[in-house]
Amino acid sequence: MTFARGVGQFYPVESPLHALDPRAKVVATALFVVGLFFVDSAAGFLAAGAVTAALVAASRVPLGAFLGLLRPVLFIVALTFVFQVLFLREGPTLLAWGFIEVHEEGLRLGLVLAARILILVTAAGLLTATTAPVALADGMEDLLSPLKRLRFPAHEVAMMMTIALRFIPTLGEEAEKISRAQAARGADFEGGGLLKRARALVPLLIPLTVGAFRRADELAEAMESRGYRGGVGRVRYRELRFRARDAAALLLTALAVGVAALL
Amino acid sequence: MADPTSISCEHLTFSYPGAAELALSDVSLKIPPGQYVGVVGPNGGGKSTLVRLLNGLLTADSGRVQVAGLDPATEPFEVRRLVGVLFQNPDNGLVAPFVEDDVAFGLENLGVERAEMRERVREAIASVGLAGYERREPHTLSGGEKQRVALAGLLAVRPEVLLLDEPTAMLDAAGREEVLSRVRDLAGSRTVLHVTHHLQELFDADRVLVLNGGRLAADTTPLELFSDAELLRENRLVLPTVPKLAADLGLPFCRTPEELAAAVARRSRDGVQAR
């Protein structure tokens, strides 16, 4: 069993997109994703797709990373497409073959949804591929901090993200160790049907969970010993600077998505 | 430091909730600034409990604790900026996904100004010999390296007191040596309380406390402890190989194989002369 860090991972290369303030990137991505729901013409999607492709090129992240990101959603895209094409029966009939009927409206909506999902996932991938996880957590903390007045724990959420990022590889290593130890005792993680394989995971998950609680306990002690008391009076090591180019990036995104929606 | 004692405990008693026995019972001690004090004793003797009482992670049932003139039970945050604790498992002590962010963690909590923070982080990482490791992720480091990152995180805060809670227990021999030599080099004028199961780590200590069953069984010097077979046996302490061999041969305390060899040679020569 291998625990790859998964797609949608940060790619530490130098690019104009990497250099942007994480807050600008989060807001721009959000704008873009919301805007995408107002795009419904072929020209609009071409425009949005072209902008996304240009950004992917500008990010200097290998294309393979994005293809890897899209692979798991392809199934959903295909399914959505087929459903729309087969079951939406509006507009002129394009094809009729036995009980299968394809109508114009169905084909159109199928294509719209497919394009929307593919562009959306790529845009989200752009954000995570060009933003270091720590910067992303810091950015989220800043963006959520107005909600502190409503008692939303913005600092705590960001700290949770940071700790999760720190411990994912550690827990992965532990999972690998435990699964090897269980395999040595004759556990079989590979064979059998879905149910059998799910059940085989129980002897892996229980020690892993117990171990995670023990770690959490020790980590809490270490954090307290190092003077941690929540976000109060804390100064962050990393500084986020919102520069002119971040404002420009936000403006351009808003413009691009607005134009695509109007087309 | 104006205060002549760095750490003082008076009649310290503590029991964990639900436990029948006392984890610490009537422990009193005073440690002057700059002293290197070892703490040994069997498991469950109260060593880790003592460490946790000294920085306010636990609060005593009765008795008084003072660290650098402050009471950790009432001012834990103030005490923690003066006291650095190095725990046993470095895997669970590092908070941030990158070395430099982790070293900065304590400074972030204290609200140190950013420019100074950068300077102190850089210095601390260099002082433990890990310059160039700033952007490494903790899970890619060896145990000894992780523990040195943790040490750098403590030193960046510039504490007056270092509490070491078995920091080498999970390391191999090489890792143990690399961590301890850094501690020795960097302790400087700080007070150090070093909890350990390895007596050889305390050869250079100024003083050794033996905790057993929650009581202070002895407050002595390493040399006296090492030559007191009765005290060692009562507290299930095992001498390192070389001093053990010296003791078995009826020789005085020897720390290195060379010293032992010299002592053996001296005795055989004296023995030959006597004959």
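The analysis underlying the following values was restricted to heavy atoms, covering all of them including side chains, and did not include hydrogens, waters or symmetry mates.
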> For A/E239, does the CD atom sit with more than 12 other heavy atoms under 6.0 Å from it, leaving out its own atoms?
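Yes, because the 6.0 Å sphere around CD of A/E239 holds more than 12 heavy atoms from other groups.
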
> Indicate the atoms forming the closest heavy-atom contact of A/R234 with B/N109, along with that distance.
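In this case the closest contact between A/R234 and B/N109 is NE-OD1, 2.7 Å.
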
> I want to know whether B/F105 and A/Y228 have ring centres closer than 6.0 Å.
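Yes, the ring centres sit under 6.0 Å apart.
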
> Under 6.0 Å from the ring centre and within 45 degrees of the ring axis: does the NZ or CZ of A/R229 meet both conditions for the six-membered ring of B/F77?
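Ring-cation test returns yes.
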
> Please walk me through it: do B/F98 and A/V134 pass side chain to side chain contact (heavy atoms under 4.5 Å, CB included)?
CA-CA 9 Å; B/F98 295 105; A/V134 185; 3.7 Å; yes

> Of the non-hydrogen atoms in A/R215 and B/N92, which two are nearest, and what is the gap between them?
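What the structure gives for the nearest pair is NH1-OD1, 2.6 Å.
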
> If you count heavy-atom pairs under 4.5 Å between each of B/L154, B/L57, B/V85 and chain A, which one has the most?
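The residue among B/L154, B/L57, B/V85 with the greatest pair count is B/L57.
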
> For the pair B/E108 and A/R236, find out whether any cationic side-chain nitrogen is under 4.0 Å from an anionic carboxylate oxygen.
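Looking at B/E108 and A/R236, the cut-off is not met.
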
> So which part of B/L110 gets closer than 4.5 Å to some heavy atom of chain A, the side chain, the backbone, both or neither?
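Backbone of B/L110 only, per the 4.5 Å heavy-atom cut-off to chain A.
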
> Answer with side chain, backbone, both or neither: which region of B/V51 has an atom nearer than 4.5 Å to a non-hydrogen atom of chain A?
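It is neither, since no heavy atom gets under 4.5 Å.
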
> Quick one: which of B/M117, B/R81, B/E113 has the most heavy-atom pairs under 4.5 Å with chain A, could you say?
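Of B/M117, B/R81, B/E113, B/M117 has the most heavy-atom pairs under 4.5 Å with chain A.
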
> Against chain A, label B/V79 side chain, backbone, both or neither, depending on which of its atoms sit under 4.5 Å from a heavy atom there.
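Looking at B/V79, nothing touches chain A.
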
> Flag the one option from B/D91, B/L86, B/N55 with the top tally of heavy-atom pairs under 4.5 Å to chain A.
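The residue among B/D91, B/L86, B/N55 with the greatest pair count is B/D91.
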
> What closest approach, in Å, do A/T162 and B/A96 show between heavy atoms, and which atom pair accounts for it?
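It is CG2-CA, 4.5 Å.
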
> Nearest heavy-atom pair of B/V95 and A/R226: which atoms, and what distance?
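Nearest pair, atom of B/V95 first, then A/R226: CG2-NH1, 4.2 Å.
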
> Quick check on B/R135 against chain A: is it the side chain, the backbone, both or neither that has a heavy atom closer than 4.5 Å?
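It is the side chain, since no backbone atom gets that close.
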
> For each of A/A222, A/S225, A/A220, tally heavy-atom pairs with chain B at distances under 4.5 Å, and name the one with the top tally.
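Result: the option with the highest number of such pairs is A/S225.
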
> Measure the CE-CZ distance between A/M223 and B/R80 for me, rounded to the nearest 0.5 Å.
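One finds 12.0 Å between CE of A/M223 and CZ of B/R80.
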
> What distance separates A/Y237 OH from B/E100 CD, expressed to the nearest 0.5 Å?
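One gets 3.5 Å once the value is rounded to the nearest 0.5 Å.
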
> Could you walk me through whether A/E221 and B/R52 satisfy the side chain to side chain contact (heavy atoms under 4.5 Å, CB included) test, starting with their C-alpha distance in whole Å, then the side-chain angles of each, then the deciding distance to 0.1 Å, before giving a yes or no?
CA-CA 9 Å; A/E221 276 199 330; B/R52 281 159 179 74; 2.7 Å; yes

> Just verifying a value: how many Å separate A/I163 CD1 and B/L94 CG, rounded to the nearest 0.5 Å?
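It is 12.0 Å, given to the nearest 0.5 Å.
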
> More than 12 non-hydrogen atoms from neighbouring residues, nucleotides or ligands closer than 6.0 Å to NZ on A/K148, yes or no?
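Enclosed.
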
> Look up atom CG in B/N89 and atom CG in A/L219, then write down how far apart they are to the nearest 0.5 Å.
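Spacing of CG (B/N89) from CG (A/L219) equals 10.5 Å.
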
> Do A/R166 and B/E137 sit within salt-bridge range, that is, some charged N less than 4.0 Å from a carboxylate O?
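Here A/R166 does not pair with B/E137 in a salt bridge, since their nearest N and O are not under 4.0 Å apart.
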
